[in-house]
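The analysis underlying the following values was restricted to heavy atoms, covering all of them including side chains, and did not include hydrogens, waters or symmetry mates. Every chain is numbered from 1, with letters handed out A, B, ... down the list of sequences.
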Protein chains: 2
Amino acid sequence: MSSLSDLIEQYLREQLARAESIEIQRRQLARMFRCVPSQINYVLETRFNIHRGYLVYSRRGGGGFIRITRINWEPHPDLPRRLEEVIGSECSQEEMDGLLYRLVEAEVLTENEAALVETVVQQELTGLSGKEADTLRARLLRVALLLLCQEDYPG
Amino acid sequence: MSSLSDLIEQYLREQLARAESIEIQRRQLARMFRCVPSQINYVLETRFNIHRGYLVYSRRGGGGFIRITRINWEPHPDLPRRLEEVIGSECSQEEMDGLLYRLVEAEVLTENEAALVETVVQQELTGLSGKEADTLRARLLRVALLLLCQEDYPG
DNA sequence: CATTTTTTGACCTTTTCTGACCTTACTTTA
DNA sequence: TAAAGTAAGGTCAGAAAAGGTCAAAAAATG
């Protein structure tokens, strides 16, 4: 249990223990650990992804950098997966209404929030109908619920 | 975050924090930062464009100058409508990032909310690219912001 | 031994920086 | 007062400086 990736992870965690956000240079860090630059990407993908509560932002070009931020909201464990299951790739208006109704009953959303979602989503769908609308509705609804539910459970 | 362009950006932002509009001389600013004059244009194009909420006007010849004006979009009243205008029917990731950045600056969103939107929207876009992604991104982003902004200003 | 995780390297994309050359506006002078 | 000179800023293409991707090889794991 101490591959190079583990060492790099450990190093970054130490930095992140002191600051909520750190900036690194891929090349420099790679030189520091005597590895190839893409190894850094591997560590970031496997250890500092969103599931583990980190956000990575990077910029290329001269003065480029990689910023790792510890995030303040617990990614709600398997909400994304469940929403994926429940909503799927298409969602009719009736299905959406049903789901929203159930979420209000379960007190996951307030009535106001449900109404807001309904309004905003339907507004974005104006002019569309049939399968096209159902596909888009599924995506919009998923994003909407992820936002509202995550907001409810701040770290 | 410390390329020459970043430094010049920072300097100009400081000026613009005190006045809504500033006038500079390209040559002089270039001398000040020990760079070639066209570097200034680069900074203006990438950091002070309309997407980031700035207007640039310039005049050549003797006594020439460059004027940068901050667009003051007032946060509260009809933000939703403004957002729809700004987002339009397509939105690249860079445009989205720029907009989120500005909303954080304007204290319409917190950094966490911005990160949340970024994450959730990008997640829904996995597998898509090009125009298709840009179209969908515009829609998802609009819904996301409408939800969060309404939540912030209920009623 | 099969599978998963790690490591590496070749090739790609984005962002920044520079310099040669162009255009516009004001100033001077024949 | 028209032409020439001077003093700005603009454009664009290419070099340089980052970071990204992906697949194959190597190592670890069970």
Side-chain angles (χ1 to χ4, degrees), chain A residues 1-12 21-52 54-69, chain B residues 1-13 21-52 54-69 92-98 101 118 122 125-131 133-134:
Chain A
M1 172 49 175
S2 67
S3 64
L4 180 52
S5 290
D6 290 328
L7 293 180
I8 298 175
E9 174 188 5
Q10 197 180 317
Y11 172 78
L12 291 175
S21 180
I22 63 175
E23 277 179 16
I24 61 171
Q25 297 223 250
R26 193 179 76 150
R27 281 164 166 278
Q28 184 222 304
L29 193 60
R31 252 201 317 278
M32 183 170 157
F33 282 96
R34 286 180 180 65
C35 65
V36 110
S38 55
Q39 173 99 38
I40 306 303
N41 295 81
Y42 177 70
V43 174
L44 293 178
E45 280 159 25
T46 56
R47 272 67 164 183
F48 294 90
N49 53 34
I50 191 67
H51 280 108
R52 305 215 177 184
Y54 296 93
L55 207 67
V56 172
Y57 172 81
S58 69
R59 212 162 74 194
R60 305 184 180 189
F65 61 87
I66 299 178
R67 178 167 46 225
I68 312 173
T69 308
Chain B
M1 170 58 169
S2 69
S3 63
L4 180 53
S5 292
D6 289 328
L7 294 180
I8 298 175
E9 174 188 5
Q10 199 179 317
Y11 172 77
L12 292 176
R13 267 186 203 288
S21 181
I22 62 175
E23 277 180 15
I24 61 171
Q25 297 222 254
R26 193 179 76 150
R27 281 165 164 278
Q28 184 224 306
L29 194 59
R31 252 202 318 279
M32 183 170 158
F33 282 96
R34 288 182 178 69
C35 65
V36 109
S38 56
Q39 172 96 38
I40 306 301
N41 296 82
Y42 176 71
V43 174
L44 293 178
E45 280 159 25
T46 56
R47 323 294 221 258
F48 294 91
N49 53 33
I50 189 72
H51 272 110
R52 299 216 179 183
Y54 296 92
L55 281 179
V56 173
Y57 171 81
S58 68
R59 211 157 78 199
R60 305 183 179 188
F65 62 89
I66 298 178
R67 178 166 46 225
I68 311 174
T69 307
S92 69
Q93 178 165 5
E94 293 75 40
E95 287 170 336
M96 176 171 82
D97 288 348
Y101 179 79
E118 165 93 28
Q122 284 304 102
L125 287 173
T126 46
L128 300 182
S129 67
K131 187 167 177 155
D134 288 355

(request) Supply the atom-to-atom distance B:Arg13 CZ to B:Arg47 CZ, rounded to the nearest 0.5 angstrom. (result) 9.0 Å

(request) Scan B:Gly64 against the nucleic acid and name what it touches under 4.0 Å (heavy atoms): base, sugar-phosphate only, or nothing. (result) sugar-phosphate

(message) If I take atom CD1 in residue B:Ile66 and atom C1' in nucleotide D:dA7, what distance separates them, rounded to the nearest angstrom?
(response) 14 Å

(request) Select base, sugar-phosphate, or nothing to describe what A:Ile40 touches, counting heavy atoms under 4.0 Å on all strands. (result) nothing

(request) Please state how far atom CG in B:Leu44 lies from atom P in D:dC12, giving the value in whole angstrom units. (result) 16 Å

(message) Does D:dG20 have its OP1 or OP2 closer than 4.0 Å to a side-chain nitrogen or oxygen of A:Ser58?
(response) yes

(message) In terms of relative ring orientation, are A:Tyr54 and A:Phe48 parallel, tilted or perpendicular, with 30° and 60° separating the classes?
(response) perpendicular

(message) When you measure only distances, ignoring hydrogens and angles, does the side chain of B:Arg27 come within 3.5 Å of the base of D:dG9 through a donor and an acceptor?
(response) no

(message) Any carboxylate oxygen within less than 4.0 angstrom of a Lys/Arg side-chain nitrogen, looking at A:Arg59 and B:Asp6?
(response) yes

(message) Just the rounded figure in Å: distance from P of D:dA17 to CZ of A:Arg26.
(response) 16 Å

(request) Would you indicate whether the side-chain heavy atoms of A:Leu29 and A:Ile66 approach each other to under 4.5 Å? (result) no

(request) Let me know the distance between CZ of B:Arg59 and C1' of D:dA7, rounded to the nearest Å. (result) 13 Å

(request) May I ask you to decide if the ring planes of B:Tyr11 and B:Phe33 are parallel, tilted or perpendicular, using 30° and 60° as cut-offs? (result) perpendicular

(message) In this structure, how many angstroms lie between the P atom of D:dG19 and the CD1 atom of A:Ile68, rounded?
(response) 12 Å

(message) I want to confirm an ordering. Mapping B:Arg47 and B:Val36 to their closest nucleotides on DNA chain C, which one lands closer to the 5' end?
(response) B:Arg47

(request) Give me the first and last nucleotide of DNA chain C, going 5' to 3', that has any atom under 4.0 Å from a heavy atom of chain B. (result) C:dT15 to C:dC26

(request) Please report, rounded to the nearest Å, how far the C1' atom of D:dA17 is from the CD atom of B:Gln39. (result) 13 Å

(request) Would you kindly give the CD1-to-P distance between B:Ile24 and D:dA8, to the nearest whole Å? (result) 14 Å

(request) Could you walk me through whether B:Ser38 and B:Asn41 pass side-chain hydrogen bond (donor to acceptor under 3.5 Å, both in side chains), step by step? (result) CA-CA 5 Å; B:Ser38 56; B:Asn41 296 82; 5.8 Å; no

(request) With rounding to the nearest 0.5 Å, note down the distance linking CG in B:Asp97 to CZ in B:Arg52. (result) 9.0 Å

(request) Take the protein atom CZ of B:Arg31 and the nucleotide atom P of D:dA7, then report the distance between them rounded to whole Å. (result) 12 Å

